[in-house]
Participant: 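Below you'll find the structure I mean.
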2 protein chains.
Amino acid sequence: MKIDPESTADLSVQIAQSIKDAIISGELPVDERLPSESELADQFDVSRSSVREALKRLAAQSLIRTQRGATGGAFVNHLKFENAYHQQITTSSLLLSMNEVSFETACEARFTLERACVPLAAQRRTADQLATMRAETFRQSQPGLTDEAFCASDVAFHRALVDGADNPVLSYQLAGAVEAMQPLMNMITFSARDRAKIVDLHTKIADALESHDAETCDQILNDLMHYTTELAHSVFAKRKKDK
Amino acid sequence: MKIDPESTADLSVQIAQSIKDAIISGELPVDERLPSESELADQFDVSRSSVREALKRLAAQSLIRTQRGATGGAFVNHLKFENAYHQQITTSSLLLSMNEVSFETACEARFTLERACVPLAAQRRTADQLATMRAETFRQSQPGLTDEAFCASDVAFHRALVDGADNPVLSYQLAGAVEAMQPLMNMITFSARDRAKIVDLHTKIADALESHDAETCDQILNDLMHYTTELAHSVFAKRKKDK
DNA sequence: CAATTTTCATTTGTCTGACATTTAATGGTT
DNA sequence: AACCATTAAATGTCAGACAAATGAAAATTG
């Protein structure tokens, strides 16, 4: 692990990259302890501050964790899917809000990816995942639910569907698409009639998955996508008119 | 923007979170200049080092950029899809290598997601994207290509397919799935016969997209997935036997 | 001897102050 | 008006100090 004396980049960037490369290449295996900050400062021939800033960069990406004390130090993190979810969701949300992605485009992406999971989920869904979908659908039918709570339950329903595909890679990739839509969905106010329609579609989706009927499930998800898009259109149109 | 004096978390973590919240909520809009490091240190009542470590954390997530000089400072970044790709790919690659994800699982996820794009790509693919797919397929048919170059061209082919769906959100989400597979694919040595078979399937995929035939394209991608999985199986089996 | 307490060394976290470097604006000179 | 030197402001880097946490070793105690 060395840094290029010719480079004009900030030291902390170079050091972080150097350590990152060592982690990616496997030179530094999971749970390996890095040299102490002072030792790293000596090795790279820089000050401890620069090393610390580099380590903070890596920590922000969950590549390392630090512990204080005698046997403490910086350790290579075992990057787990659960931990990566949050970053994935935050980034996806920011991307949507900063790039003027239309509701339609985001919605299309979300349902397209979700529909891809359906054939697998129809085969593999567990009773437990089905129960979650039923429970969330029931919750959505309760009167007095706020729009936010309704949307949160909606996300939980669809995550259960995605998890039904029993593929952690899929679940991870979909987390961003599904959850990043929530802030957009939260902007919609759902009438009782809207909710009843969605609950109906959710029920049919669960039914289809229960009977391992991928084709029907796919069709209903397609319906749900179109219904959601129309709903958003009418809500946004109304809001524009009121203003 | 304040931090909790009761919290036991590191100062740089709290400060970073506080600024991050302000960015996500829109309180700090894109291209807004943050207060200088010294001003932030005063505001949060901490030292400049702690502020700097917090800013490095944010920079590592591309949430801010910094500029030196008189009119410099830290600015809220416009998070673009192109920039987010790399992080997405790095994270996906590390997740695959650290979580003992089987080749089969990763392959399934990748092709499942890619097949989801097919109906859209069959409708919307541009002549340009089709040309890219043809060109990469041609490159793959050249003798003397290293396995790495063959895989890289393979990735380029499939990215063109995904981009054909003309949905930036989809392209972003798929980047992780498609490119993170490359290191795994690179472990495979392709015989001339394997390559010919893949080139054949790629040609058929391009043909199907050219004639807007989503169904055929989907079937061939399914074939490609199974062929890839079998190929990997036989290669890994042989390697195990040799050892 | 065993259990407990104390001491101690190590490491990260935080603070202070200094200087280097970069950059744009300012003002003076030609 | 064009050019150049100065200057102020900001980040980047360094050095040194102390605080706080933590586990291990040493000392104490029953």
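Every chain is numbered from 1 and lettered A, B, ... according to where its sequence line falls, protein lines coming before strand lines.
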Participant: Using a cut-off of strictly less than 4.0 Å, decide whether B/Arg68 has a side-chain nitrogen or oxygen near OP1 or OP2 of D/dA9.
Facilitator: no
Participant: Using a heavy-atom cut-off of under 4.0 Å over every strand shown, decide if B/Ser36 touches base, sugar-phosphate, or nothing.
Facilitator: sugar-phosphate
Participant: Rounded to the Å, how far apart are B/Gln67 CD and C/dT21 C1'?
Facilitator: 15 Å
Participant: Less than 4.0 angstrom between a side-chain N/O of B/Thr71 and OP1 or OP2 of D/dA9, yes or no?
Facilitator: no
Participant: Starting at NZ of B/Lys56 and ending at C1' of D/dT13, how long is that distance when rounded to a whole Å?
Facilitator: 11 Å
Participant: Among D/dT13, C/dT10, D/dA9, which is the nearest nucleotide to the side chain of B/Ala70?
Facilitator: D/dA9
Participant: With no angle test and no hydrogens, is the base of D/dG16 tied to the side chain of A/Arg48 by a donor-acceptor pair under 3.5 Å?
Facilitator: no
Participant: To the nearest 0.5 angstrom, please state how far the CZ atom of A/Phe75 sits from the CD atom of A/Glu32.
Facilitator: 9.5 Å
Participant: Quickly work out the A/Leu58 CG to C/dT12 C1' distance and round it to whole Å.
Facilitator: 16 Å
Participant: If you pin A/Ser47 and B/Leu34 to their nearest nucleotides in DNA chain D, which one's is more 5'?
Facilitator: B/Leu34
Participant: By nearest heavy atom, map A/Gly69 and A/Ser12 onto DNA chain D; which one lands nearer the 5' end?
Facilitator: A/Ser12
Participant: Write down the distance between CG (B/Leu11) and P (C/dT12), rounded to a whole number of angstrom.
Facilitator: 17 Å
Participant: Return no unless some side-chain N or O of A/Thr66 is found under 4.0 Å from OP1 or OP2 of C/dG13.
Facilitator: yes
Participant: Specify the separation, in whole Å, of atom CD of A/Glu37 and atom C1' of D/dA19.
Facilitator: 14 Å
Participant: Just to be sure I understand the rule, does A/Arg65 reach a base, reach only the sugar-phosphate, or reach nothing, if contact means heavy atoms closer than 4.0 Å?
Facilitator: nothing
Participant: Answer yes or no on whether B/Arg110 is positioned over the face of B/Phe103, meaning its NZ or CZ is under 6.0 Å from the six-membered ring centre and within 45° of the axis.
Facilitator: no
Participant: Send over the distance from A/Ile15 CD1 to D/dG12 C1', rounded to a whole Å.
Facilitator: 12 Å
Participant: Are A/Arg124 and B/Glu108 within salt-bridge range, i.e. N to O under 4.0 Å?
Facilitator: yes
Participant: Rounded off to whole Å, could you give me the CZ-to-C1' distance for the A/Arg52 and D/dG16 pair?
Facilitator: 15 Å
Participant: Rounded to the nearest Å, what distance is computed from the CD atom of residue B/Glu53 to the P atom of nucleotide D/dC14?
Facilitator: 15 Å
Participant: With a non-hydrogen cut-off below 4.0 angstrom, is B/Ser49 in contact with a base, only sugar-phosphate, or nothing?
Facilitator: base
Participant: Kindly assign one of parallel, tilted or perpendicular to the pair B/His158 and B/Phe111, based on the angle between their ring planes and the thresholds 30° and 60°.
Facilitator: perpendicular
Participant: Are side-chain heavy atoms of A/Val76 and A/Leu63 found at a separation under 4.5 Å?
Facilitator: no
